[in-house]
Amino acid sequence: NDRIHLQVHLTRYGNSEHLMVVRDVTRLHLLEQMRKDFVANVSHELRTPLTVIAGYLETLLENVDQVNPRWQRPLLQMNQQAGRMQHLLNDLLLLAKLEATTYPSNNQPVAVEPLLQSIRSDAQALSADKNHRITLEADAELQLKGSENELRSAFSNLVFNAVKYTPAGGEIHIHWWCNEQGAHLSVQDNGPGIEAKHLPRLTERFYRVDSSRASSTGGTGLGLAIVKHVLLRHQGRLDINSTPGKGSTFTCHFQSSQIARL
Ligand code: ADP
């Protein structure tokens, strides 16, 4: 690995003068690569033992009436925490995979409307006793070039977040459309909203607005980082608009060159 990484900043002064600053960031780049490899390896190594633990817990819970009553509650809690850990490892591995390459694993046209229909029905099941009204307005002929799996991860993270953070009875609207600027997917909710000071940091790994509230919702803090990476790989970007007390709108913008039509 004998590549050199340079960071170049060019600033323009007046009409004819420029200032160019060149920084050697090779070491920084190497450290960042070591961090990524470490996280990916640890996540991978932890997955097998955790699968074994979760498997035994599941077997015990299938016969929970034969278990000493004193152990029933702890077993349920262990099972719940094992599930959280599996969710976290899956998200870490997905993020590591997304960071390892620049382009999506596939570049075929993806039928976005059926994908959103299926995410909507999963979200309705997740909403269960919170009884949200989840509506979908989608251009059925508008398709996007890319990886269906990656787009599913990104879009479902946005819709499931709306379900997680919006209180019972709330409204969630999913909109998929295009105009001269490109194709757009927005997920709008009338939940608690997010203060402006948090917005620039929301897509960082593990960043959460209110960690006590966020941990009770069972999230990993990696969802929006995954969304950001998937969008980057599809020449897209994420826009977040939010008003505390009123709700939030997360919009994914894609360039026209990514559009495919039926
Ligand atoms: P998490 O797994 O905690 O949901 P995310 O990366 O998906 O992690 O989101 C980061 C944080 O952004 C969340 O912890 C939450 O505080 C905030 N957030 C995300 N979506 C919404 C939303 N629809 N309404 C309010 N807050 C949200």
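Indexing begins at 1, ligand by ligand and atom by atom, following the structure's order.
Listed by number with element, the atoms of ligand 1 under 4.0 Å from a non-hydrogen atom of Ser248 are 24 (N). Each of the following atoms of ligand 1 lies closer than 4.0 Å to a heavy atom of Val209: 16 (O). Close approach of ligand 1 to Thr220 is summarised as follows: ligand atoms under 4.0 Å from at least one heavy atom of the residue are 2 (O). Applying the 4.0 Å criterion to heavy atoms of Arg208 picks out, from ligand 1, the atoms 2 (O), 3 (O), 14 (O). Of all the atoms in ligand 1, the ones that sit under 4.0 Å from a non-hydrogen atom of Gly219 are 2 (O). Near Lys164, meaning under 4.0 Å from any of its heavy atoms, are these atoms of ligand 1: 1 (P), 2 (O), 4 (O). Ligand 1 places these atoms under 4.0 Å from at least one heavy atom of Gly223: 5 (P), 6 (O), 7 (O). In the vicinity of Gly221, heavy-atom distances shorter than 4.0 Å reach the ligand 1 atoms 1 (P), 2 (O), 3 (O), 6 (O), 8 (O).
With hydrogens and angles left out, the side-chain atoms of His175 and Ser186 include no donor and acceptor closer than 3.5 Å. In summary, the side chains of Asn179 and His184 do present a donor paired with an acceptor at a separation below 3.5 Å, with no hydrogens or angles considered. Neither side chain, Asn149 nor Ser147, offers a donor N or O lying under 3.5 Å from an acceptor on the other. There is no side-chain donor-acceptor pair under 3.5 Å between Asn90 and Gln86. Side chains of Glu137 and His173: a donor-acceptor N/O pair is present below 3.5 angstrom, by distance only. Judged purely by distance below 3.5 Å, without hydrogens or angles, the side chains of Arg152 and Ser118 pair a donor atom with an acceptor atom. With 3.5 Å as the limit, one finds a donor-acceptor pair spanning the side chains of Gln117 and Glu113.
Under 4.0 Å from ligand 1, the heavy atoms of Phe250 that appear belong solely to its side chain.
Summarising the contacts of atom 19 (C) of ligand 1 with Asp91, Asn161, Thr166, the nearest heavy atom is found in Asn161.
Remark: distances from the non-hydrogen atoms of Asp189 to ligand 1 include one below 4.0 Å.
For Gly193, no nitrogen or oxygen atom sits less than 3.5 Å from a nitrogen or oxygen atom of ligand 1, counting backbone and side chain alike.
With values rounded to the nearest 0.5 angstrom, Thr220 atom OG1 is found 7.0 Å from Phe206 atom CZ.
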